[in-house]
There are 2 protein chains.
Amino acid sequence: MAILINGLPGEMVSALDRGFNYGDGVFRTLQLRRGRPWMWRWQYARLAHDAARLRLEAPDEQLLLDELMALGRQHELAVAKIVLTRGAGARGYAMPVAAASTRIVSVSPWQGYPQEYGEQGVTARWCELRLSIQPALAGIKHLNRLESVLARSEWDDPAIQEGLLLDQDGWLVEGTMSNVYLLRGRQLLTPRLDRNGVNGAVRDWLTDNVADFGLEFIEKRLFAADLIDADAAFLSNSLMGIWPLARLGERVWTPSPLLQALRQALLQQA
Amino acid sequence: MAILINGLPGEMVSALDRGFNYGDGVFRTLQLRRGRPWMWRWQYARLAHDAARLRLEAPDEQLLLDELMALGRQHELAVAKIVLTRGAGARGYAMPVAAASTRIVSVSPWQGYPQEYGEQGVTARWCELRLSIQPALAGIKHLNRLESVLARSEWDDPAIQEGLLLDQDGWLVEGTMSNVYLLRGRQLLTPRLDRNGVNGAVRDWLTDNVADFGLEFIEKRLFAADLIDADAAFLSNSLMGIWPLARLGERVWTPSPLLQALRQALLQQA
């Protein structure tokens, strides 16, 4: 792995960084294809949006692109992570008036996920953990990820690729590392992320593009049963792209040509 | 500030540490008096308890005492912080099978809070942020502190010493950096911390000791109105000890001799 910390090669951050002490920051995980970040337009927009929600200033777009390219160009395929925190500060929760943010860009070569996950679909399970409800943080890919850690620790069967999460009120929200969607006729339904959940860049791409497939993008409160009853269901994030759900407990879905068309279009996206 | 990272002098932690990336860890803040940690029995018990909740192994007690003493003995009074994380790990939320935890002990000389806060009481306000409900993390002093950061950022008037928080269901929980209590006759009431909140070491001390003052310690769901209607109210943490509430909005409390007796007993605690 290669890392730039505020533009300089390094591996260490201050033990006083508010990212470390409070999780006071945001991040993105993305694919690099020969150093070029896939879905960059949506990634950067979402990074800037999330940063603003926490009153952080987003790094300059070209600066980030240069850093990603510098670290990733020698790899055919790589995973990059961008972390932005409120930087080192004095003791106490109050946001420092003049904090200099910390920017970490890291890149690792990657082989990609097995192709059959995208083509044949994956197996998911229900997590027991119920996500909390916090509108002030909903949708943000912030560094307070203990719920994701606890949820992901519920299983270690490698035949299960993802765990799905309901919230404290019983509504469907997301997977531990993905957004979740279902198809019902020509409707593409996905949970509203106004009370919890993480809004991924692929979710924004779908918002912008599913009309081309004759689909209506609908954000809605959804039950677990809505997912079970759906014609098809799938997951998304910036590493997997789109993974159809093939199995969830006893429910088995047959492959959906429409989903494959959507997945191929996403893969072609620059 | 002096820092030991896994026992070695240093200021930096790995950018891959799960504390930094996920807030995957716990911490304590404590007072050192000539290097001796105040309320250590309660602090260590709570650290061990919180660590176990997140499936982390607590550091050896004597090791921590030695490190605190090494950093703090030259100071009459100091603030220490102990941070314990799941260490550096590969990408992904799953807990590493063989992760080596990261232990950070930091100490800064401290002047203490103004004495009148404890003697005359402090002014508090209500925060607009409502705490989320997450039984899996309730009570733990973990590193996911964005809610505390957002709540503390709601005011910057130095005449207000603390902000009080309700949760999503409207129940009273805590202050941004303190536990909250009220006196009603011979009852000492404090919010249950089974759905959210941070259980401080002083709260445990009170649990063990208030019977000596003829008080009954009761954990209970409490309304904001219960606080307003109380004979007296106070805050606690390991730096402030006990601060009586003198004012909360329009509500003004007169000094309570019982509270002062309790506060003095706490101050005498080793």
Participant: In terms of heavy-atom proximity below 4.5 Å to chain A, should Asn196(B) be classed as side chain, backbone, both, or neither?
Facilitator: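 Contact with chain A: none, neither part.
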Participant: So, taking the atom named NZ in Lys81(A) and the one named CG in Leu16(B), what distance separates them when rounded to the nearest 0.5 Å?
Facilitator: 8.5 Å
Participant: Test Val149(B) against every option in Asp24(A), Asn144(A), Leu54(A) by the side-chain contact (heavy atoms from CB on, under 4.5 Å) rule and name the one that passes.
Facilitator: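 Among Asp24(A), Asn144(A), Leu54(A), the one that satisfies the side-chain contact (heavy atoms from CB on, under 4.5 Å) with Val149(B) is Asp24(A).
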Participant: Which bit of Ser108(B) comes within less than 4.5 Å of chain A, counting heavy atoms only: side chain, backbone, both or neither?
Facilitator: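 Neither; nothing under 4.5 Å.
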Participant: Between Arg195(A), Arg86(A), Glu147(A), who has the most heavy-atom pairs with chain B when the cutoff is under 4.5 Å?
Facilitator: Glu147(A)
Participant: Given the options Val13(B), Asp17(B), Asp156(B), which has more heavy-atom pairs under 4.5 Å with chain A than any of the others?
Facilitator: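 That would be Val13(B).
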Participant: So which residue, Val79(B), Ile3(B), Asn21(B), ends up with the most heavy-atom pairs under 4.5 Å with chain A?
Facilitator: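 Most heavy-atom pairs within the cutoff with chain A belong to Asn21(B).
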Participant: Might you confirm whether atom CD of Glu154(B) has over 12 heavy atoms from other residues, nucleotides or ligands at distances under 6.0 Å?
Facilitator: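 For Glu154(B), atom CD is crowded (more than 12 foreign heavy atoms under 6.0 Å).
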Participant: Can you measure from OG1 (Thr85(A)) to CZ (Phe20(B)) and round to the nearest 0.5 angstrom?
Facilitator: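 Thr85(A) OG1 to Phe20(B) CZ: 5.0 Å, rounded to 0.5 Å.
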Participant: Is it the backbone or the side chain of Asp167(A) that comes under 4.5 Å from a heavy atom of chain B, or both, or neither?
Facilitator: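 Asp167(A) has no heavy atom closer than 4.5 Å to chain B.
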Participant: Ignoring hydrogens and angles, state whether a donor on the side chain of Thr29(A) or Arg91(B) is under 3.5 Å from an acceptor on the partner side chain.
Facilitator: no
Participant: Out of Ala94(A), Gly23(A), Ser148(A), return the one with the most heavy atom pairs under 4.5 angstrom to chain B.
Facilitator: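 Heavy-atom pair counts peak at Ser148(A).
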Participant: Which of the residues Gln168(A), Arg18(A), Arg55(A) is involved in the greatest number of heavy-atom pairs with chain B at under 4.5 angstrom?
Facilitator: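 That would be Gln168(A).
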Participant: If you count the non-hydrogen atoms of other residues, nucleotides and ligands that lie under 6.0 Å from CZ in Arg34(B), is the total more than 12?
Facilitator: no
Participant: Is it the side chain or the backbone of Ile5(B) that comes within 4.5 Å of chain A heavy atoms, both, or neither?
Facilitator: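 Interface part for Ile5(B): side chain.
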Participant: By a 4.5 Å heavy-atom criterion (distance strictly below it), what part of Leu143(A) contacts chain B: side chain, backbone, both, or neither?
Facilitator: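 For Leu143(A), the contact with chain B is made by backbone and side chain together.
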Participant: Pick one of side chain, backbone, both or neither for Leu129(B), based on which atoms fall under 4.5 Å of a heavy atom in chain A.
Facilitator: side chain
Participant: Can you tell me how far apart CZ (Arg145(B)) and OH (Tyr93(A)) are? Round to the nearest 0.5 Å.
Facilitator: 4.5 Å
Participant: Examine whether an atom of Ile133(B) lies under 4.5 Å from a heavy atom of chain A, and if so say whether it belongs to the side chain, the backbone or both; otherwise answer neither.
Facilitator: both
Participant: Around Phe223(A), counting heavy atoms of other residues, nucleotides and ligands shown, do more than 12 lie under 6.0 Å from its CZ?
Facilitator: no
Participant: Can you confirm whether Ile140(A) sits close enough to Leu146(B) that some side-chain heavy atom of one is under 4.5 Å from a side-chain heavy atom of the other?
Facilitator: no
Participant: Would a distance-only check, ignoring hydrogens and angles, find a side-chain to backbone donor-acceptor pair under 3.5 Å from Gln134(A) to Arg130(B)?
Facilitator: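 Yes: the side chain of Gln134(A) pairs with the backbone of Arg130(B).
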Participant: For Glu57(B), I'd like to know if atom CD has over 12 heavy atoms of other residues, nucleotides or ligands within 6.0 Å.
Facilitator: no
